[in-house]
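Worksheet for the structure shown next.
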Amino acid sequence: MEDKDWKLVFSDEFNQKNYSQPDSTKWSRHNRYSGTWSRWISDSRDVVYIKNGSLVCRAIPNKTLPGDTARMLTGAVNTRGKFEFQYGKVEVRMKTNREKGNFPAAWLAKNNHFDQYGEIDIVESFGDRVSATHAIHSHLTYNHADHGQRNSFKSIDVDATKWHVYGVIWTERDVKWQIDGKTVAYFKKTTDKTLLAKGQWTFDYPFFLILNQSVGNGEYGNYGDTKKTYETRFDWIRVYQRANSTGMSPSSAAILE
């Protein structure tokens, strides 16, 4: 850790026995919704399980649930209602496939987004790109006409098939992203009252964790192959907090605007 003031408040090392389910005191299966990432979520044990000290999330052809119209079955877990936090540092060690259509993520979601939407993506991987994407979605980017123009993200060259530690440090004034301890991107709360009123910063609320494996629907050219199996492994995830949360300086990281 870079700062001794950080205190561990949540962790899972995924050290249960092989093929067991993740700790139910910490994780729940995510529900299926209409969004790209959630459209085929399943509670099948074949798409979420523990193996060799890692959480495995998969997307597989639907050959086992004939009564389910989903073309694939995908795995996703979250801590909603079991662990939520406001401000802190999150780190997750993970690796994934690099195949066209691949779409896994580790991210933070606001518990009640019907008023002011908020989402912090620790890391996403898209298809066979040799990169990791870090993004933030506020009420402004999600609900206004300038959605596409004000969507804040940064892609960093990295081999996602290798183990890497992806992290975010989230304070009341800014968010910064790290890969293997190095800051790579930065987002700051604006001082523009007009933008604040439109929801440029909607991150002063408790958020929960989501880990998932999905497949693309064609956006950004990332079409999922419903005959393939996609897999992401999460070695561990840890959340830290400290008493005095302060803004971070941008350093040499890319600023997301």
(message) Check for me whether K110 meets the cation-pi criterion with Y205, that is, NZ or CZ under 6.0 Å from the six-membered ring centre and within 45 degrees of the ring axis.
(response)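 Yes; both conditions hold, so K110 lies above the ring face of Y205.
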(message) Can you tell whether the side chains of E231 and R58 come within less than 4.0 Å, N to carboxylate O?
(response)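 Between R58 and E231 there is a salt bridge, with a charged N closer than 4.0 Å to a carboxylate O.
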(request) Output yes when E91 and R93 qualify as a salt bridge under the 4.0 Å nitrogen-oxygen rule, no when they do not. (result) no
To the nearest 0.5 Å, what is the distance between [atom1] ([X]) and [atom2] ([Y])?
| X | Y | atom1 | atom2 | answer |
| --- | --- | --- | --- | --- |
| H134 | F187 | NE2 | CZ | 15.5 Å |
| R45 | T64 | CZ | OG1 | 13.0 Å |
| T202 | L140 | OG1 | CG | 8.5 Å |
| K95 | N97 | NZ | CG | 10.0 Å |
| I156 | H164 | CD1 | NE2 | 12.5 Å |
| Q178 | T183 | CD | OG1 | 4.0 Å |

Is the closest side-chain heavy-atom distance between [X] and [Y] below 4.5 Å?
| X | Y | answer |
| --- | --- | --- |
| M72 | T226 | yes |
| E13 | R238 | yes |
| R32 | S38 | no |
| V175 | I169 | no |
| L209 | F83 | yes |
| N212 | V77 | no |
| I237 | S11 | no |
| S24 | K26 | no |

Do [X] and [Y] have side-chain atoms, one donor and one acceptor, less than 3.5 Å apart?
| X | Y | answer |
| --- | --- | --- |
| D159 | T161 | yes |
| D12 | W27 | yes |
| Y49 | N18 | no |

Membership question, hydrophobic clusters at under 4.5 Å side-chain separation (ILVMFWY): are [Y] and [X] in the same one?
| X | Y | answer |
| --- | --- | --- |
| W40 | I210 | no |
| L211 | W177 | yes |
| Y166 | I120 | yes |
| L55 | Y230 | no |
| V48 | I50 | yes |

(request) Starting from the C-alpha separation in whole Å, work towards a yes-or-no answer on ring-ring contact (aromatic ring centres under 6.0 Å, His included) for F14 and F234. (result) CA-CA 8 Å; F14 303 119; F234 302 92; 7.4 Å; no
Check: [X] side chain, [Y] main-chain N or O, donor-acceptor pair, under 3.5 Å:
| X | Y | value |
| --- | --- | --- |
| E124 | D121 | no |
| R29 | S44 | yes |
| Q200 | T191 | no |
| D235 | M94 | no |
| E119 | H137 | no |
| S131 | V158 | no |
| T171 | D174 | yes |
| R98 | R129 | no |

(request) Apply the ring pair (Phe, Tyr, Trp, His ring centres under 6.0 Å) test between F85 and each candidate in W170, F10, F208; give the one that qualifies. (result)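 So, applying the ring pair (Phe, Tyr, Trp, His ring centres under 6.0 Å) to F85 and each of W170, F10, F208, only W170 qualifies.
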(message) Surrounding NZ of K100 (heavy atoms of other residues, nucleotides or ligands, distance under 6.0 Å), is the total greater than 12?
(response) no
(message) Does atom CG (D192) have a neighbourhood of more than 12 heavy atoms from anything else shown, all under 6.0 Å?
(response)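 Buried by this count: over 12 neighbours within 6.0 Å.
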(request) Verify side-chain contact (heavy atoms from CB on, under 4.5 Å) between S28 and R80, making sure each step is shown before the conclusion. (result) CA-CA 7 Å; S28 300; R80 186 173 188 173; over 6 Å; no
(request) Starting from the C-alpha separation in whole Å, work towards a yes-or-no answer on side-chain contact (heavy atoms from CB on, under 4.5 Å) for D68 and N62. (result) CA-CA 8 Å; D68 190 331; N62 183 11; 3.8 Å; yes
Could you pull out the closest heavy-atom pair between [X] and [Y], with the gap in Å?
| X | Y | answer |
| --- | --- | --- |
| S125 | T96 | OG-CG2, 3.9 Å |
| T232 | Q213 | OG1-OE1, 2.6 Å |
| A59 | T74 | CB-CG2, 3.7 Å |
| I122 | V90 | CD1-CG1, 3.7 Å |
| L196 | W201 | CD2-CB, 4.0 Å |
| W163 | S54 | CH2-OG, 3.7 Å |

(request) Decide yes or no on side-chain hydrogen bond (donor to acceptor under 3.5 Å, both in side chains) for T36 and N217, but give the supporting numbers first. (result) CA-CA 6 Å; T36 298; N217 68 349; 2.9 Å; yes
(request) Dump the intermediate steps for ring-ring contact (aromatic ring centres under 6.0 Å, His included) on W37 and W107, then the final yes or no. (result) CA-CA 12 Å; W37 79 275; W107 50 298; 5.0 Å; yes
(request) Applying side-chain contact (heavy atoms from CB on, under 4.5 Å), run through D204 and K189 and close with a yes or a no. (result) CA-CA 11 Å; D204 295 327; K189 181 179 181 178; 4.0 Å; yes
(request) Test side-chain contact (heavy atoms from CB on, under 4.5 Å) on S214 and R39 and set out the steps. (result) CA-CA 9 Å; S214 187; R39 68 196 188 281; 4.1 Å; yes
